[in-house]
Protein chains: 2
Amino acid sequence: MKAKKPYNCGIGPAFEVIGGKWKAVILWELHAQPRRFGELKRLLPDISEKMLIQQLRELEADGIVHREVFHEVPPRVEYSETKLGASLNAALGPLADWGDRYAKRAGAAR
Amino acid sequence: MKAKKPYNCGIGPAFEVIGGKWKAVILWELHAQPRRFGELKRLLPDISEKMLIQQLRELEADGIVHREVFHEVPPRVEYSETKLGASLNAALGPLADWGDRYAKRAGAAR
DNA sequence: TAAGGTACTTACCAGAACGTATGTATTGAA
DNA sequence: TTCAATACATACGTTCTGGTAAGTACCTTA
């Protein structure tokens, strides 16, 4: 996302935070439990490593996810939802439901 | 939006429909009442005419907005929400609220 | 000694998204 | 006869997103 426009509603800011192709699904995967980088990679095989970290970093910068490094023998990093992230996830719920119904409808129409 | 991936949740399909920079705000403007093309142009001065029709056409193709032409002396075209569009707008409500709070918080932080 | 797992980083590039500018058809008003 | 208003259409160029491929540093296991 690029432009910072004076939006008349909250959709603008929200889209700047979860816009793009992957952020919403990443956040979704973090909803149930914290995940390691490698776990996310396996859970979302279609996203490249580059995109995965890039999006995680942006989500971190926006206060949506928390990153914790464990200084262990094989390095370990865990990503988890912040409170803000959880509230965003909740706000995405109705939209996800709508998308489900829409996809079903569109699928049935064919 | 380009890729048609098998998403694990409804966010994917939803984003394919209201993704992009303008669709959500356009839909928002149609919520209260139907609007003419020129009205939308005036209401959303930042969007170019090209983008406006392009997005309206895509929303129409997805069954989100309805387009009605009145064969009058100066041509008149009205765009309105379909039922599906209204349900999408409703699903966007919580996200818009979240965005409002987020923007307020971010604004206050500076 | 080489291979493999961890979590990244970097360079390069194609294609999509978006913007600007201009053109079109119709009619009525000046 | 020229201008303005309607609702677009089209060409062209830039900017941004996302993808591929390769490399880094550390340690463990075979």
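Letters go in sequence order (proteins before strands), and every chain restarts at 1.
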(request) Among D:dT6, C:dG19, D:dA7, find the nucleotide with the atom closest to the side chain of B:R42. (result) D:dT6

(request) Please report, rounded to the nearest Å, how far the P atom of C:dC8 is from the CZ atom of A:F70. (result) 12 Å

(request) Would you name the heavy atoms of A:L88 and B:W98 that are closest together and state the gap between them? (result) N-NE1, 3.3 Å

(message) In this structure, how many angstroms lie between the C1' atom of C:dC8 and the CG atom of A:L40, rounded?
(response) 14 Å

(message) Between P on C:dC8 and CZ on A:R76, what's the gap in Å once rounded to a whole number?
(response) 13 Å

(message) Report for the helix from C:dT1-D:dA30 to C:dA30-D:dT1: angle between first-end and last-end helix axes, five pairs each, rounded to 10 degrees.
(response) 30°

(message) Tell me whether the side-chain N/O atoms of B:R57 come closer than 4.0 Å to OP1 or OP2 in D:dC8.
(response) yes

(message) Restricting to non-hydrogen atoms, name the atom on A:I47 and the atom on A:L44 that form the minimum distance, rounded to 0.1 Å.
(response) CG2-O, 3.0 Å

(message) Has B:E39 got a side-chain atom pairing as donor or acceptor with B:R36's backbone, closer than 3.5 angstrom?
(response) yes

(request) Answer yes when B:R35 and B:E78 have at least one side-chain N-carboxylate O distance shorter than 4.0 Å, and no when they do not. (result) no

(request) Step by step, work out the side chain to side chain contact (heavy atoms under 4.5 Å, CB included) result for B:L92 and B:W28. (result) CA-CA 9 Å; B:L92 284 170; B:W28 183 256; over 6 Å; no

(message) It should be established whether A:R36 places a side-chain nitrogen or oxygen under 4.0 Å from OP1 or OP2 of nucleotide C:dA7.
(response) yes

(request) Would you mind reading off the distance between B:F15 atom CZ and C:dA17 atom P, rounded to a whole angstrom? (result) 14 Å

(message) Run B:V65 and B:I26 through side chain to side chain contact (heavy atoms under 4.5 Å, CB included) and show every step you take.
(response) CA-CA 10 Å; B:V65 310; B:I26 292 173; 5.7 Å; no

(message) Tell me the interatomic distance from B:E16, atom CD, to D:dT17, atom C1', rounded to whole angstroms.
(response) 16 Å

(message) Students often mix this up, so state it plainly: with edges at 30° and 60°, are the rings of B:F15 and A:F15 parallel, tilted or perpendicular?
(response) parallel

(message) What verdict does the side chain to side chain contact (heavy atoms under 4.5 Å, CB included) test give for B:F37 and B:L52, after you've listed the backbone C-alpha separation in whole Å, the side-chain angles of each residue and the deciding distance to 0.1 Å?
(response) CA-CA 8 Å; B:F37 179 81; B:L52 186 51; 3.9 Å; yes

(message) Below 4.0 angstrom, which residues in residues 47-55 of chain A have at least one non-hydrogen atom near DNA chain D?
(response) A:S48, A:K50, A:M51

(request) Examine distances only and state if a side-chain atom of B:T82 and a backbone atom of B:G63 form a donor-acceptor pair shorter than 3.5 Å. (result) yes

(request) For C:dA7, take OP1 and OP2 only and decide whether either is under 4.0 Å from a side-chain N or O of A:K41. (result) no

(message) Just N and O in the side chain of A:Y79: are any of them under 4.0 Å from OP1 or OP2 of C:dA7?
(response) no

Review item, nucleotides 25-28 of chain C N/O atoms under 3.5 Å of protein N/O:
none

(request) Give a yes or no answer on whether the side chain of B:N89 reaches the backbone of B:L27 with a donor-acceptor pair at less than 3.5 Å. (result) yes

(message) Using whole Å, what does the distance between atom C1' of nucleotide D:dC16 and atom NZ of B:K21 come to?
(response) 10 Å

(request) Figure out the NZ/C1' separation between A:K23 and D:dC16, and round it to whole Å. (result) 13 Å

(message) How close do A:Y79 and A:R67 get, counting heavy atoms only, and between which atoms?
(response) OH-NE, 3.3 Å

(message) Quick check: closest heavy atoms across A:P94 and A:A91, and the distance to 0.1 Å?
(response) CD-O, 3.4 Å

(request) Give a yes/no answer on whether the side chain of A:R67 brings an N or O atom under 4.0 Å of OP1 or OP2 in C:dC8. (result) yes

(message) Nearest whole Å is fine: how far is D:dT24 C1' from A:F37 CZ?
(response) 14 Å

